[in-house]
There are 2 protein chains.
Amino acid sequence: MDPHLLRTFVAVLDHRSFSLAASALGYTQSAVSQHIAALEADLGTRLVERRPVAATPAGARLMEHAPALLLRLEAARADLARLHRAPSDRLTLACSPAALGAPVARALARLRASARVDVEVRVVGREAVIEEVLTARADLGLLDGVAAPSDPLPLPDLGPTVTLAASEGPLAVIFPDGHPLAERDAVRLTDLAQAQWIDSPDTAVPLDRLRAVCGADGFRPRFRHLGTDIHGLAALAAADHGLAVLPLPLAAALPGVTAVPVRHPRLVHRTELLHPADPSTPARRLTGLLTHRDGSRVHEDAD
Amino acid sequence: MDPHLLRTFVAVLDHRSFSLAASALGYTQSAVSQHIAALEADLGTRLVERRPVAATPAGARLMEHAPALLLRLEAARADLARLHRAPSDRLTLACSPAALGAPVARALARLRASARVDVEVRVVGREAVIEEVLTARADLGLLDGVAAPSDPLPLPDLGPTVTLAASEGPLAVIFPDGHPLAERDAVRLTDLAQAQWIDSPDTAVPLDRLRAVCGADGFRPRFRHLGTDIHGLAALAAADHGLAVLPLPLAAALPGVTAVPVRHPRLVHRTELLHPADPSTPARRLTGLLTHRDGSRVHEDAD
DNA sequence: TAGAATTACGGAGGACGTAAGAATA
DNA sequence: TATTCTTACGTCCTCCGTAATTCTA
C-alpha cells in the first residue's frame, strides 16, 4: 500500500489503460504493470480487470479509499509547507459558484480598500474547493449548500487543519418566466419532487442533496449540467429544461427565470468558510470581514 | 512521506525516544534515526527536537495528520480483506460504555435466540470504537454522544466504508444522592456551566462536547476520569467529586447518585451504529434488530 | 495481426544493520 | 561518563527501464 502504487492504481482506472496512465505519470508501461501487480500481490486480490481495463469489485472498493487517502497525504504535506512560507499580500479564494454572491464580493472590496492585497478568486466545483484548500493552492474556501437552519453542511473529513464559519440565507427554485408556478409567493419542495429537474451538482444544489434533506424520493435528474456557470444554468432553466435550487438573492437576479422562495421544508442556503489552521494574514482578515458584521454573522437576506 | 516513515515518526513521539520506538517497531535505533532524518529532509523542516525528544511546531502539526492517515491506510486494507473473509457465526461488537444499555443487550439476546451466533462485546473508548470498526477488528460499532434532536453525532471521517443508524433518548445529570439539585424534576445545563464537573471523555459525555453543544463556556474539568467504567464514574460522582452527563435510563439505575433529566438546551443522548460497507451476516441481522422495532427506530426512552 | 499488458533481466538507488563517532544530561 | 542520537559504510533488496514475450480484440 505504498502511496506510489495507489497513485498509479488510481491513474490506471481513471485512464482505463496502463499505457495512458504510464505516460501521465511519467513511467513506462512496464513500471505501471509492475505497480499494479505489486499492489495486487500485497492485498492478495485482483484489483484490475485487463482488456478492457476496469475495476474488479475489490478494486472498486479500493477506489473508494485511495483518492481520499492521496488527498489527505498531499494535504498533510501542504499543511507543513504552509508553516514556512513567506507572508504574502496575495489572497487566493476557492469558491463554489453559488457561494460567490454580493456579500462575498463586498467583503473582498472592503479587504482591498483596507490594505494592498492582490486577490485571485477561483470558481470551481464543490469537491475542488475542498481540494484546493487542503492542498494550500487556495488560502480560503467558500462552499455553499443547503441544510436545516443553523445546521452545518455535511462535509467530508477536512482534517485538523480547517475550521468553519458560515452565512445563511433563503433558498429559491428557479422557473422559466411565465411558468404557472412562477406566480406563487413560495413553493414547497416536496410538491415538486416529481417535476423535471436539472442536475447541476456543482452550480445549483445537487439533487441527491435535495432528496436527502427533504427525506423524500423523487428529484430525478433528466438533464445534467456540468460546470460552474450559473448563467448557463439559468439559460437552460429559462428554456424549460427543468428546475433548479439556488440561493434567493442570486436567483432573483438571473435573466429569463423567476425565483420563487422555498417555504417548506424549512431549509436555508448556507455558505461555509473553509479556513486553514494557519491562514495567511489576508485570509485571516477576510475571514473577519465575512463572519462578522456589527458583531454578528453575515446574512445574505440582510441585503 | 512514506507511511513507514510516518509510522516511526508517530512511534518516536509516542515513546519520546528513538530507541524505545525502534524496539517497539522491530528496527534498530539507527534505522529510526534515518527514518526521522529522511522525513525531515523530505518535508524540509525539523520535526522532532532531540534530548529530550519532543515535537517541534511542524512536528506537532504533522502529528495532527499522521495518526489519522495511518488509520485510514489500515482501514483501506482491512476493508479489502473483509471482502474475502469466510462467512462467520461470530459477531464482534465495539461499544462505547454509555451505548451499551438495555436496548442493545436485548437486541443481542434476540439475535442469539434467532440463530447460533457467538458474540463478543468490547467496551472501549469512543475513539477506539471507530478504530476497531475501521480496521475490521470489530464487525459493528456503537458510539454514543450528545446532539440536538435528530442531528447526527459529529464524527471524524469514517471513509466510504461505514454508514450510520441511530437511537435517541433523554439525557440526565448525575448528582450525589441528597444534593440540593437532586430534588429537581429537571435541570438546565447552562445553569450548571460553573459547577464542578468530572471530565470522563470516554464514559460520560465529554465536557468539551457539552461546551460546544451548549454554545457556552464553562464545564471546566477539575477532575479527570479515564477508562470505560460507568460504575467507577458513579462512585466518584456519589463522593461529590463532580457532575457528569449520561443517558437517563442508564443514569437512573446507578447507585449513590440521582439522575435529573436535562431540560434545556434541547439535547438528546444519541447512539450511532457504525456499520461497515460490507458487513457479516450476523452484523447485518443485529443492525436490523437495533434500527427497527415495529418498523421504527429504537428509542431508549421507550423503556 | 496490431495494440497492449506481462515477464525477464540488469543497473542504479534505497533501506537497514553493524559499528564507530558525537553530543548532552 | 553514560546514555542516546548520528554518521559511515557495506550488503541486500527494491524499483524502474529496456527489451523480448504473451495475450486478446
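Order of the sequence lines sets the chain letters (A, B, ...), proteins ahead of strands, with each chain counted from 1. This is a predicted model, so every value here is computed, not measured.
To the nearest 0.5 Å, atoms CZ (A:R224) and CG (A:L207) are separated by 9.0 Å. In this structure, the separation between SG on A:C95 and CZ on A:R126 is 11.0 Å, given to the nearest 0.5 Å.
Out of C:dA4, D:dT18, D:dT3, the shortest distance to the side chain of A:R51 is found at C:dA4.
Nucleotide D:dC23 holds its P atom 16 Å from the CD atom of A:E49, rounded to whole Å. Between the CG atom of A:L5 and the P atom of D:dT14 there is a distance of 13 Å, given to the nearest Å. Atom pair B:L39:CG and C:dA15:C1' shows a separation of 15 Å (rounding to whole Å applied). Residue A:H35 contributes atom NE2, which lies 15 Å from atom P of C:dA5 at whole-angstrom precision. Spacing between atom CG of A:L25 and atom P of D:dC16 amounts to 11 Å, rounded to whole angstrom units. The CZ-P distance, from A:R7 to D:dC16, rounds to 10 Å in whole Å. Taking atom CZ of A:F18 as the reference point, atom C1' of C:dT7 lies 14 Å away to the nearest angstrom. One interatomic measurement links the two molecules: CD1 of B:I36 to P of C:dC16, which rounds to 12 Å at whole-angstrom precision.
A:H4 comes within contact range of no nucleotide atom at all, as no heavy-atom separation falls under 4.0 Å. Within the nucleic acid shown, B:V53 comes within 4.0 Å of sugar-phosphate atoms alone, with no base atom in reach, counting heavy atoms only.
Heavy atoms of other residues, nucleotides or ligands lying less than 6.0 angstrom from CZ of A:R137 number more than 12.
Each of B:D2, B:V12, B:L25 was scored for a side chain to side chain contact (heavy atoms under 4.5 Å, CB included) with B:R7, with one residue passing: B:L25.
Ring geometry for B:F223 against B:H241 counts as tilted: the plane angle lies between 30° and 60°, on a 0 to 90° scale.
One cannot find a donor-acceptor pair under 3.5 Å joining the base of C:dT7 and the side-chain atoms of A:S33. Contact of B:S17 with D:dT4 (side chain to base): no donor-acceptor pair of N or O atoms is detected under 3.5 Å. Side-chain N/O atoms of B:S19 and base N/O atoms of D:dT3 include no donor-acceptor pair closer than 3.5 Å.
Across the interface with DNA chain D, nearest-nucleotide mapping of B:Q34 and B:Q29 shows B:Q29 to be the residue nearer the 5′ end. Nearest-nucleotide mapping onto DNA chain D: of B:R16 and A:T28, the residue sitting toward the 5' end is B:R16.
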